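Start at 1 and go down the list; that is how both ligands and their atoms are numbered. The model shown is predicted, which means the values in this text are computed figures rather than measured ones. Residues take their numbers from the sequence shown, with the count starting at 1.
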Amino acid sequence: MTGRVSQERLQAEIERFAQIGRTAEGGVTRLAFSPEERQAQQLMGELLAEAGLSVRTDAIGNLFARREGREADLPVLMLGSHLDTVPNGGRFDGALGVIAGLEIMRVLQEQGISTRHPLEVVSFTGEESARFGTGTIGSRAMLGTLNLERFLASRDLHGISAAEAMRQVGLSPEKVTDAQRDPRQIAAFLELHIEQGRILETEQKAVGIVTDIANSTRLAVQVIGRADHSGTTPMPLRKDALVAAAEMVLAVEERVKALGEAPSVGTVGILHVEPCVMNVVPGKASLGIDIRDIDFERKARVVKGVKDRITAIAKQRGVEATIEVLGDGRPVALSPVIIETMRQAAADLGIDARIMVSGAGHDAMNLATVVPAGMIFVPSKEGRSHSHLEWTDFAAIPPGVELLLETLLRLDRSL
Ligand SMILES: [Zn+2]
């Protein structure tokens with residue numbers, strides 16, 4: 001380890017940003033397009049400006065800070081993550097990647113290092129889908145792949161539309177398309193993030209080098225049975241929507257587990273029952289199913305298996321089931337060139353790295369479809385994330401940031 005980055009400075013910034021939207025439990029709430037998210041973006045802009053970068057906010061609310069390179073015509077090397085969080089989330093998810101970008105800019109400034117390529121630190125807005133059901137809003141808007149009509153009309157729990165939420169923080173929904181950038185302006189994208197899982201901790205590895213990012217298929221299933229009196233309806237005559245739904249939940253688990261070692265996962269995270277009272281046989285149940293994999297074809301097979309089982313269970317129980325596909329994302333492979341650069345750099349720096357896949361989605365998965373992209377993970381305590389209990393030891397952070405810096409400098413020479 002060469003020790004160019006400062007653990008103290010990284011810790012101080014993580015603690016500073018953890019104060020913005022701080023919750024009683026010690027977590028952080030900075031939802032997409034909330035005043036708290038904007039405040040964090042604003043502060044980050046000021047710190048990056050102090051580090052000598054020129055800062056701007058685009059039409060969707062992404063923050064970009066640019067440091068010119070020696071060769072003016074070259075596309076930018078971009079690095080960053082996001083500063084928004086889920087409700088009562090952790091202080092590391094997203095923020096760490098942006099703070100790492102800030103730290104690297106400070107190191108380059110201190111050491112008087114110039115690069116061939118211009119560099120940009122980015123803090124993408126609205127990476128988490130927690131508020132409007134759409135995630136990675138900022139990177140999608142930048143790449144022109146955000147379904148604008150649907151996004152702007154989507155509403156949060158309080159009935160506030162995304163368009164209204166944008167206006168409330170001074171952004172113009174009419175201008176979102178101005179955020180689009182030509183991918184040819186970007187030479188590569190690098191994102192440092194916490195693992196949000198427990199592989200690195202379990203195997204005592206310092207960092208993860210990510211090869212693939214899993215993507216999900218999301219299904220909304222409506223089960224329609226018959227609401228009847230729970231005292232007077234004999235068991236054989238019931239069309240209990242919840243009992244059918246319960247079998248469907250187990251079917252999801254069973255179909256995914258049947259794959260054995262594959263990194264496929266399936267979750268029923270939503271289950272609503274109607275009318276949801278003690279003395280009525282449930283007449284309606286709705287489920288939200290999330291199935292993820294790094295292999296698109298294997299994911300498609302699992303999804304088909306789940307759909308077939310749902311149909312069969314409904315038929316057997318005499319209820320109706322409708323299945324709506326809410327999303328069917330393609331897993332993405334990250335750049336082999338960047339993975340190899342990271343692997344070499346880690347070996348040269350003496351950083352113990354593990355090659356791994358990401359089960360969680362990140363802005364890097366959008367960038368990876370059009371530009372070379374790479375990701376580095378640092379360990380998460382007990383794999384906790386999207387929780388106020390999310391933690392990464394401060395001493396475990398510098399190796400990831402060093403590797404990010406070294407990768408950036410090597411790509412600057414090779415690309
Ligand atoms: Zn994140």
Exercise for the section: Before accepting this row, confirm whether a basic side-chain N of the pair E120/R181 lies closer than 4.0 Å to the acidic partner's carboxylate O. Expected result: yes
Handout entry: Spatial distance of atom CZ (R298) from atom CD1 (I291) [nearest 0.5 Å]
Key = 13.0 Å
Exercise for the section: Identify the residue among T392, D393, L389 that makes a side chain to side chain contact (heavy atoms under 4.5 Å, CB included) with K381. Expected result: D393
Exercise for the section: Using the side chain to side chain contact (heavy atoms under 4.5 Å, CB included) rule, pick out the option among T125, T29, L31, T85 that qualifies with E37. Expected result: T125
Problem - Cut-off under 2.8 Å, centre the Zn ion (ligand 1), protein N/O/S atoms - result: H82 NE2, D93 OD1, H193 NE2
Practice task
Calculate, to the nearest 0.5 Å, the distance between atoms CG and CG belonging to L408 and L404 respectively.
Solution key: 6.5 Å
Exercise for the section: For E15 and Q11, test the side chains for any donor-to-acceptor distance below 3.5 angstrom and give the result as yes or no. Expected result: yes
